[in-house]
There are 2 protein chains.
Amino acid sequence: MSDAADVLISHCRQAGQRITAPRRIIADVVARADDHPDVPEIYRRVAEIDPGISLSTVYRTVKIFASTGLVERHSFAGGRARIEPASEIHHDHLIDIESGAVIEFRSDEIERLQALVARELGFELTAHRLVLYGRPLARKARRTRKP
Amino acid sequence: MSDAADVLISHCRQAGQRITAPRRIIADVVARADDHPDVPEIYRRVAEIDPGISLSTVYRTVKIFASTGLVERHSFAGGRARIEPASEIHHDHLIDIESGAVIEFRSDEIERLQALVARELGFELTAHRLVLYGRPLARKARRTRKP
DNA sequence: CTCATTAATGAGAATGGTTCGCAAATGCAT
DNA sequence: ATGCATTTGCGAACCATTCTCATTAATGAG
């Protein structure tokens, strides 16, 4: 049981939610996920630990976690929501269009400009979603192999 | 029949697609839409003109238009794809979290930084999606009513 | 203009993610 | 321990989207 999972369950308790076995397991699976799984995938992982837990419960629990802000629901592609444990530091995503891999990044400069743009439009920026799509550059100057 | 619709159908023809009555109508509805409707909504508008056109056909036709690049499919919120006729000049979107309204904007500065960030990560930026969410600022200096 | 060819359509079924409703099971304060 | 409100599991329901397939229609050749 990771500490991140502990944080999730303790927040649950503070929110007046009951701590149940399914929630512990789902918290653990979500907390240790580093690959932005969608809910069906989380369900698969949860099922490996306890096959009795229903898909509904996974959806419900993920929704609860998301409402505490400790877990984020993104929607990169076709409909399904992809989940990640929220980190203190905000980041955006870059999708490798060849492999589908999700790379996290952060640019304070871009963040700053976003707030600025929003303000110019007469809005207070409350959230944003930035996803870049890119093709890996031919890496001629790589230094992981000898020449 | 707007000229934008004409552009759509002529592109269709050039792509070897047949020009049919349903496609003409759907092209017209999409071309004159300025509010990012989703497909079911486009279907509703199409049905007002010709109730015989099926939802399947609307989906198929929108997909064709999207493949020509003349129409864009965004996914701002829960699952459904929202459609807009593509303009020459790229823009991003700001969502008014109170009204749900979609405001279009453009920031060359942000665009430039995105390409830069991608390159630093070892990618050639091929596309991006930026959506800002904001709350309207209290407009103290409004001048639409007298004091 | 007529035909044959072949793509497009309509209607409905199928899919896949997500939510709902409800009876049965369970956490938790007492 | 016990009662009761919260959760769960299961299946049905939903919604957007895609697929199937028989029927219809657009297009190019003659």
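What you are looking at is a predicted structure, and each value in this text was computed from that prediction instead of being measured. Values below: every heavy atom of this structure, side chains too, minus hydrogens, waters and symmetry copies. In what follows, chains are A, B, ... by sequence order, proteins preceding strands, each numbered from 1.
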Does either side chain, that of His36(A) or that of Glu104(A), offer a donor lying less than 3.5 Å from an acceptor on the other one? yes

With nearest nucleotides of DNA chain D determined for Val39(B) and Gly52(A) from heavy-atom distances, which residue corresponds to the more 5′ nucleotide? Gly52(A)

Euclidean distance, atom CD1 of residue Ile53(B) to atom P of dA11(C) [Å, nearest integer]: 11 Å

N or O in side chain of Tyr59(A) less than 4.0 angstrom from dT18(C) OP1/OP2: yes

Closest to the 5' end of DNA chain C, once Arg18(B) and Arg60(B) are matched to their nearest nucleotides, is Arg18(B)

Atom pair distance, as rounded to whole Å: OH in Tyr43(A) and C1' in dG9(D): 10 Å

In this structure, how many angstroms lie between the P atom of dG28(D) and the CD atom of Gln17(B), rounded? 13 Å

Ion pair Asp108(B)/Arg112(B), N-O distance below 4.0 Å: no

Find the distance Ile19(A):CD1 to dT7(D):P and express it as a whole number of Å. 9 Å

When rounded to whole Å, the CD1 to P distance for the pair Ile64(A) and dG27(C) reads 15 Å

Under 3.5 Å, is there a donor on one side chain and an acceptor on the other for His90(A) and Asp92(A)? yes

Given dT17(D), dG10(C), dC28(C), which nucleotide is nearest the side-chain atoms of Arg13(A)? dC28(C)

Tell me: CG of Asp50(B) to P of dT9(C), nearest whole Å? 12 Å

So which pairs with a foot in residues 44-53 of chain B pass salt bridge (charged side-chain N to carboxylate O under 4.0 Å, His left out), sequence neighbours left out? Asp35(B)-Arg45(B), Glu41(B)-Arg44(B), Glu41(B)-Arg45(B)

Distance in angstrom units between Asp38(A) CG and dT19(C) P, rounded: 13 Å

Could you tell me whether Leu55(B) contacts a base, only the sugar-phosphate backbone, or nothing, with contacts defined as non-hydrogen atoms closer than 4.0 Å? base

Between Lys63(A) and dT18(C), does any side-chain N or O lie under 4.0 Å from OP1 or OP2? no

In Å, rounded to the nearest 0.5 Å, how long is the span from OG of Ser107(A) to CG of Leu121(B)? 10.0 Å

Sugar-phosphate, base or nothing in reach of Thr20(B), heavy atoms under 4.0 Å: sugar-phosphate

Measure CZ/Arg73(A) against P/dG17(C) and give the value in whole Å, please. 15 Å

Is the shortest side-chain N/O distance from Arg23(A) to OP1 or OP2 of dT8(D) below 4.0 Å? yes

Go through the N and O atoms of the side chain of Ser54(B) and the base of dG12(C), and report whether any donor-acceptor pair is under 3.5 Å. no

